[in-house]
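The structure under discussion appears below in the form of structure tokens.
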Amino acid sequence: MDHKFSHHPYIPNSDEAIKREMCDFVGISSVEELHRDVPDELRLHRSLDMPKAIRSEYELYRTVSGMLQKNETCEENINFLGSGCYQHYVPAICDEINSRAEILSAYAGEPYEDHGRFQLLFEYQSLMAELLDMEVVNVPAIDGAQAAATAIRMAERATGRKKAVVCENILPDKLAVIRNYCTPAMEIVVLPFERESGQFDLDSLKKLLGEDVAALYFETPSFLGTVAGNAREAAELCHACGALCIIGTDPAVLGVLEAPVNLGADIVCGDVQPLGMHMNYGGGQGGFIATMDDERLVREYPSRLFGITRTEVEGEYGFGDVYYDRTSFADREHGKEYVGTQAALWGITAGVYLSLMGPQGMQELGETMLYNARYAAKKLSCVGGVSVKYLDQCFVSEFVVDFSKTGKSVGEINDQLLSRQIFGGRDLGGLFPGMEGCALFCVTEVHTKDDIDALAGALCEILGKEGK
Amino acid sequence: MDHKFSHHPYIPNSDEAIKREMCDFVGISSVEELHRDVPDELRLHRSLDMPKAIRSEYELYRTVSGMLQKNETCEENINFLGSGCYQHYVPAICDEINSRAEILSAYAGEPYEDHGRFQLLFEYQSLMAELLDMEVVNVPAIDGAQAAATAIRMAERATGRKKAVVCENILPDKLAVIRNYCTPAMEIVVLPFERESGQFDLDSLKKLLGEDVAALYFETPSFLGTVAGNAREAAELCHACGALCIIGTDPAVLGVLEAPVNLGADIVCGDVQPLGMHMNYGGGQGGFIATMDDERLVREYPSRLFGITRTEVEGEYGFGDVYYDRTSFADREHGKEYVGTQAALWGITAGVYLSLMGPQGMQELGETMLYNARYAAKKLSCVGGVSVKYLDQCFVSEFVVDFSKTGKSVGEINDQLLSRQIFGGRDLGGLFPGMEGCALFCVTEVHTKDDIDALAGALCEILGKEGK
Amino acid sequence: WNEPIIFELHNPGHRGIEVPLASEALKKEAGDVYATIPQGMRRQKAPALPCVSQARVLRHFLRITQEVIGADLNVEIGQGTCTMKYSPKINERLARSPKMSELHPLQDERSVQGILEIMYKTDLLLREICGMDRVSFQPQSGSQALMTMASLIRAKVEHDGKGEQKDEIITTLFSHPSAAASAIVKGFKVRTVGPREDGYPDFEQLKALVNERTAGFICANPEDTGLYNGEIKKFTELVHSVGGYCAYDQANANGLFGITRARDAGFDMCFFNLHKSFSTPHGCGGPGTGAVGVSKDFADFLPAPVVDFDGEKYFLNDELPHSIGKVRVYQGTPQVVLKAYAWMRALGAEGLYEVAKIASLNNNYLYKRILELRGTSVPFDSGEQRVEQARYSFQKLFDETGVSTEDVQRRMCDFGLHYWTSHHPYVVPQPFTLEPTEFTSKEDIDEYADAIAQIVEEAYTNPEIVKSAPHNSSAHRNDESPFDDPKQWAISWRSYQKKFED
Amino acid sequence: WNEPIIFELHNPGHRGIEVPLASEALKKEAGDVYATIPQGMRRQKAPALPCVSQARVLRHFLRITQEVIGADLNVEIGQGTCTMKYSPKINERLARSPKMSELHPLQDERSVQGILEIMYKTDLLLREICGMDRVSFQPQSGSQALMTMASLIRAKVEHDGKGEQKDEIITTLFSHPSAAASAIVKGFKVRTVGPREDGYPDFEQLKALVNERTAGFICANPEDTGLYNGEIKKFTELVHSVGGYCAYDQANANGLFGITRARDAGFDMCFFNLHKSFSTPHGCGGPGTGAVGVSKDFADFLPAPVVDFDGEKYFLNDELPHSIGKVRVYQGTPQVVLKAYAWMRALGAEGLYEVAKIASLNNNYLYKRILELRGTSVPFDSGEQRVEQARYSFQKLFDETGVSTEDVQRRMCDFGLHYWTSHHPYVVPQPFTLEPTEFTSKEDIDEYADAIAQIVEEAYTNPEIVKSAPHNSSAHRNDESPFDDPKQWAISWRSYQKKFED
């Protein structure tokens, strides 16, 4: 090695003189005497086989950023992928706050020295509560899928029942997470959606519900972008048989769509990623779970729940853990599921986002998406051979485009869009039988009319047909 | 307008109800009654003629970043331009600190509530003092050129003399700044440099010095990258006739080159841009001026000088303005020149940079530049028709390449380099008679061997000749 | 600051940010979108979010962040087991590049070769560190990684045809609570091995618990005690002998880089918290990454996809025939993987080894300093070195002065320092858990130990000052009565308004 | 925090960052570079910079930044004349893009069309705002802009052939000190017009001073009093009548956007501080931009280059035949211009007009609130509205309680608020200068005024608490004796060591 391993900027005591002094204090003659408890047979008697240290920050920067240069971003291209991870505008203040050293490098301090962390997450809970029109929101879970899985397990414990009905029309990744998380404790029954309407059918639902069902889980908007017009009826059916109704939703649409609690949901869950998180190749997800302030459900949360209180100083607020004894931190395997690191920073960021947006911002966000999506759907359905499924229904930002009559596969079309710097919609072939040749497109407030027109124009070229 | 001008996120009181309430308190019926002191004949009886407001942050971001996309950066290309503005690596922590909201948005608080600002700038002064081996450093001036101009005016006041000798071999912009700033108070006499050596000649200097000369100003390294081997003799000649010796320098080289004070300088000045500032199309400059703790000179600084003191609490430090009465803040036109906003944020950043680098970092920085520049010079001088001037002399990071025998102009060569994503050196033709066909190239620690080889290879191609 | 709750800043005339509105031309072509919304599905009552001007939102959150003390701001020793280390700013800068942040997880693989390369190469580096054959980055946290390991064991025993028979997981008392709790989630019964008097897990207890029902064994080593169990291979061999599998909680591997590897001690799988030992920041509790490494027998069981390389390009490999499915949507948190990659590259093999040595040296130095203080002790003591952390006890201090470990905790706030007791239930009486890492300097350790020393001194001379703390923190003592009382607890501002403001 | 001086953190074993070293291959080809350094020119003694680990450097500076209160953190009213406004974070984000920060000023124009376009379009916007014909962004600050204007006047009178004769510049007492001081730098004699009893500059005094020696007249309007001089055109006409030129200090134009324009009042030139009225942040005092606008008669005198557009591309135009040369290297601080551009685009014409109205409304609201307090007054009062700021007096408070404006200043720190008195010498006795801008909400103004009210109350009931302030700030009262004593002052740590530590 060119450098001895001393004086590393990240390891202040990696200096011979300092090591010497500390070894003397500890009573050993060198650091090699540490780890004497590790038996010889378990020791690695060689160096790890890995590339040499890049000691200068500049070379490290150049190496890693050189690798990153191979990526093509959604800012450099026009992106129409959504499907659970959404490209929304991230206000500069969201990044300003979540990159603050104080909170970025913090973890799990106590209510006194980390007063601010508690306040940040309490405010997040409170702001989400308003958006959802509910009373209790957890410190974020891993992602929306975990939130759904946990909501189902909460229903299991609250009802003592071991079966859950899950609508098919959700992100396939999410179903996989739910399945794994609920296996073997519960039976997961999938309620198919009708291909022609994109909705689940109430009669089919009725057949699956019963005294053994802990919960029904469905989403609105659904994975295909459709709004569940029969949500209220579905909730009533659940309640009639003593099951809980769990609704997954996209918080970005709640300025224009009714809050699921008002459709009859007992538990509402979803992902906070749309509320101020960059996509990060999927790394921006964070889950929320919300209920009313009903002790029966509150005691089933595995998550931390921060509560507000008063302090010994008049007019001052304090914060702390509500009902800590529920958690695995307090009671190991007797706690509710488990708790630990999840996605707190994204919760804090969502709080900043909602504070900036206010009611009007959320309403306008939804409205712009409604217009953009409707415009895009109309525009694309004018391209010869292309149709938009469920065009007569409401969708806020996602919709299904059917290319099956164009003579080209979704893969071929997306390849040609890519070469025009457009990321086309997600191929639904293989995800759901009967949806071959279809793709899920997403537009949000980041898309301009020009962006959408560019997509339509590119499709006309690719498909060799003029738009009508 | 689509929007009425209310509820603007930057203007909280731009709401009719709030305005109403405040107008009532003030005793006017509407905000239109404000500005009644502005006579009708002076009023603009129309709206300003400018593009409509871009109300959403996203559209603003997309508009401005769209314009910025037309720029090609020195990260995307290999850059060999220096000439007073240098591409060095900026440690991430420098940006972390100078983007902190607390200091980015601060201005001119007092020693108590802005204790930190005073400490930051006092530490900058102290760190620069070590680098320069001097005792007094100012809160930064506008740029290195202003620092040089002020140093000359300080010499004027300290000596009572009205003439300054300035070596020709400095950044032409800097000479222009000095000329304007010293006109009409002083006479600026230019001491030419010798074309064959890149140095000024002591005999010529002697002819210009005399009892009427306030100061000699020269630089090492010079504009052409050469080290002033006769600096000590020049300083002695100044002192012999009662003039001050002012030396401009590049702080990035002071890990390997002697501090100018030890060559005999009375005032040392330069630009802090190399110490942690991005180039910012020239917006990263900030000037420093340094002297020993000599009252005669300290009283001539126009800048603020922050000093350390003790407070009423044992062991605590406090900070404040030293000799405030010198300044125009204290005494208007009777102050020394003037003071105001300059480049404080860059001073703070340079302090962070020097704290990170330490003595070893500065030494290694200089050494890497010495090697890179020497390697580059050797490599380029191997390209047929190309020679490097002053190759037998020392240069740390800049050197002059002579293309006059290649049959192509510097402009043509740079055009062709540009199409290969290389920013070639600065054309010296037109800047100095006798330097036609020459260009000033700069390499620093950011250049790898591959970068330099790419330049040499490109030149071989362009000039149609193999490297030897 | 005494910054109000954001709702208290509400002024209906204020606005924080504006959203792009659809242009008139677009609206005209789109038509009446509200008419498409089904009956009763349109939001009736706007959410009661506060209206606050942009600068005031910023001021609010900036001020609150100043009331948090992250590892960047303090001598970060007091959150034992959390492995709080320096997260280099350069790594954050890289991770916040649009080339990372503006990627959609479903982009064509050709357009994300950079991040796939980084994930693949990080996988290789971690394989080398733990000796396993394949790594998944899907779990976002250590607890989720523990759940993933429990899921892998379940899938494997079922694949072995022993799904009915093998329904127990054994863990140790000083392992993380989630090791036990996540096994329960996956439908196992949990058996727990306690420590011997000398602090090591009791092999005799394990022997008594291991049988044909044993599906797996999950433990940390060192556990929270910081003691390295040198007999660990005996443990894994015993479990293997009955057809069980062994999973290693290496959330905190900080003291062992380059010293010993999980696979070599007989483990079938392990996980690392990239947000602990690999320095990616904690972010107040996530997102992180619990990278799960497995032996080749388990490679096909991992959550899909994993990143592979075909010699020319990197790709997402979904072909895992026995995959447990997914534990996290998409590919986990790639920006965290990137930061860990950059950190490892900055250190190389010798650097990682130095990390282990210095983390250990720092801990043993601190250990000696703490034990020199009156009132301190270390129960479950073998007299051996600790690796990277230790759990201490103030039982003696409590007996002699009445000052409890919670009192000390509150008093430490006054010094701007963290001090963590322990997970519950307390095994060590009056516990506290300290863990310096390699980024802690000797000066830092001395500063921390001096603070504890001063509090100990106060406890013996003026205990009231400790008991009534904090005196000098960003908040004063809470009225804790509402937290466990459903009638009083308030988990949102609207609940607080309802319960307290009437 | 009580964070030490960085030098006190020195430990020779520590290191903050590493620098790339030349590779062995390169070194070999380069040869012995040290041998090239001339005799005596190689550094003999390494600079005594401190050695500090990276995390400790970060902690040090983060802690210190927490001891500064910028406009983002407090109710920013107390730094009157400074026009502290909200600097939107989106503008900072744009300015910190590598597409801005990684540009070299000598790059080929083809590679910098984006920033040149922004500079050109900002020039157009500013021309419209002030009515001038051309703008230079070269000056980095308001003072430098004043110096630039003085330089322009000198060049013009010399060009007029009157360089010998015209050697006086007239300014007003309530204008910025640099207006007078920079005229001196440019070799002018300075004549000063004082205020009338009602606060307006005295036209009679001007008449007495204007003569054939008058080269120029430089003033602000409003001056620091906040009063708009409606007779300003009489002033400029008088100066023009003797062949002098008129320069307008519009550093702070916040109260006048869209109301009235400099050119229309007869000025030949003016400047704007983009870091004040145009919201680019102050950064503790620069870099900013003092954008100088001139009438067409002065366009060829501006510092070169300016940005021009030939219909196809933007370019740097150096063809200014009478240019004064340069006042700043290269093209000034383009990243500041960019931020100002983004700010103007976010507001448009109506938004700028609203800025002027609300800044003015806020100030008049504050004005009334302050004057309702016991002990306050406004000398030089016309009874008229103030525009964007006002200079108040606590003379009455001082007479009645002994509490001075400096005492109030120190006490305001305890509220986390700034409070600025005035430039020296004080014209208004016991002065203080307040300036809310359009970003200040009514709630903010009330909070600030309430703090002053409380201090006034204290002054009358318990003056000692005010006089002995600060009580609750990041620092305690300084021993001020060293600052003016050459034997004691210490302008660097090494001087402090030498003078105090022996």
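None of these values were measured; they are calculated from a predicted model. For the numbers below, each heavy atom of this structure counts, side chains included, while hydrogens, waters and symmetry mates do not. Naming convention: chains lettered A, B, ... in sequence-line order (proteins, then strands); numbering from 1 in each chain.
The contact between B:Val298 and chain D is made entirely by side chain atoms (from C-beta outward), counting heavy-atom distances below 4.5 Å. Interface residue D:Ile358: only side-chain heavy atoms are found under 4.5 Å from chain B. Looking at B:Arg117, both its backbone and its side chain come within 4.5 Å of chain D, counting heavy atoms on both sides. Heavy-atom distances place the side chain of B:Arg426, and not its backbone, under 4.5 Å from chain D. Heavy atoms closer than 4.5 Å to chain D are found in both the backbone and the side chain of B:Asp133. At a 4.5 Å heavy-atom cutoff, the contact between B:Glu445 and chain D is made by backbone and side-chain atoms alike. For chain D, the nearby part of B:Asp321 is the backbone; its heavy atoms alone come within less than 4.5 Å. Of the two parts of D:Val355, the backbone and the side chain both hold a non-hydrogen atom closer than 4.5 Å to a non-hydrogen atom of chain B. Contact annotation for D:Val329: both backbone and side-chain heavy atoms come within less than 4.5 Å of a heavy atom of chain B. Using a 4.5 Å cut-off between heavy atoms, D:Tyr86 contacts chain B through its side chain alone, with no backbone atom that close. If you measure heavy-atom distances from B:Glu21 to chain D, the contacts under 4.5 Å come from the side chain alone. Only the side chain of D:Ser23 comes within less than 4.5 Å of a heavy atom in chain B; its backbone stays farther off. Heavy atoms of B:Val137 lying under 4.5 Å from chain D belong exclusively to its backbone. Contact of B:Leu254 with chain D is made through backbone and side chain together, with heavy-atom distances under 4.5 Å. Only the side chain of B:His8 comes within contact range of chain D, with heavy atoms under 4.5 Å apart. Proximity to chain D (any heavy atom under 4.5 Å) is restricted, for B:Phe423, to the side chain, taken from C-beta onward. Only the side chain of B:Ile93 comes within contact range of chain D, judged by heavy atoms closer than 4.5 Å.
A donor atom on one side chain and an acceptor atom on the other are found under 3.5 Å apart for B:Tyr107 and B:Thr341. Checked by atom type, the side-chain pair B:His278/B:Asp95 shows a donor-acceptor distance below 3.5 Å. There is no side-chain donor-acceptor pair under 3.5 Å between D:Asn364 and D:Gln385. In summary, the side chains of B:Arg310 and D:Tyr496 do present a donor paired with an acceptor at a separation below 3.5 Å, with no hydrogens or angles considered.
Ranked by heavy-atom pairs shorter than 4.5 Å toward chain B, the options D:Pro50, D:Ala25, D:Gly142, D:Gly288 are led by D:Pro50. By number of non-hydrogen pairs under 4.5 angstrom with chain D, the leading residue of B:Ser47, B:Gly318, B:Cys74 is B:Cys74. Most heavy-atom pairs under 4.5 Å with chain B, from the set D:Met84, D:Arg261, D:Gln107: that is D:Gln107. Interface summary for chain B: among D:Gln44, D:Glu480, D:Glu438, D:Met344, the most heavy-atom pairs under 4.5 angstrom belong to D:Glu438. When each of B:Cys23, B:Ser99, B:Pro140 is scored by its heavy-atom pairs under 4.5 Å with chain D, the top score falls to B:Ser99. For the set B:Gly340, B:Pro91, B:Gly109, B:Ala145, the count of heavy-atom pairs under 4.5 angstrom toward chain D peaks at B:Gly109. Counting heavy-atom pairs closer than 4.5 Å to chain B, the top residue among D:His423, D:Glu92, D:Arg96 is D:Arg96. When each of D:Thr333, D:Ile232, D:Asp108, D:Val19 is checked for heavy-atom pairs under 4.5 Å with chain B, D:Val19 comes out on top. Most heavy-atom pairs under 4.5 Å with chain B: of the set D:Leu94, D:Asp264, D:Ile184, this distinction falls to D:Leu94.
Applying the ring pair (Phe, Tyr, Trp, His ring centres under 6.0 Å) criterion to D:Tyr34, with sequence neighbours excluded, gives no partner residue. Under the rule for a ring pair (Phe, Tyr, Trp, His ring centres under 6.0 Å), B:Tyr181 has no partner lying at least two apart in sequence or in another chain.
Ionic pairing of D:Arg494 and B:Glu130 is present here: one or more N-O contacts between side-chain nitrogen and carboxylate oxygen are shorter than 4.0 angstrom. A salt bridge between B:Lys378 and D:Glu29 is absent, with no side-chain N of the basic residue lying under 4.0 Å from a carboxylate O of the acidic one. At a threshold of 4.0 Å, the pair D:Lys326-B:Asp173 counts as salt-bridged, since one of the basic side-chain nitrogens sits closer than that to a carboxylate oxygen. Using a 4.0 Å cut-off between charged nitrogen and carboxylate oxygen, D:Arg15 and B:Glu364 count as a salt-bridge pair.
Across all non-hydrogen atoms, the minimal contact from B:Asn372 to D:Ala22 is OD1-CB, 4.4 Å.
For the pair D:Ser182/D:Ser143, no side-chain contact is recorded, criterion being any heavy-atom separation below 4.5 Å from C-beta on. The side-chain heavy atoms of B:Met22 and B:Ile18, taken from C-beta on, include a pair separated by under 4.5 Å.
Relative to the six-membered ring of D:Tyr365, D:Lys442 misses at least one condition, a distance below 6.0 Å or an angle of at most 45° to the axis.
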Check against side chain to side chain contact (heavy atoms under 4.5 Å, CB included), B:Val177 and D:Val327: CA-CA 5 Å; B:Val177 167; D:Val327 298; 5.5 Å; no
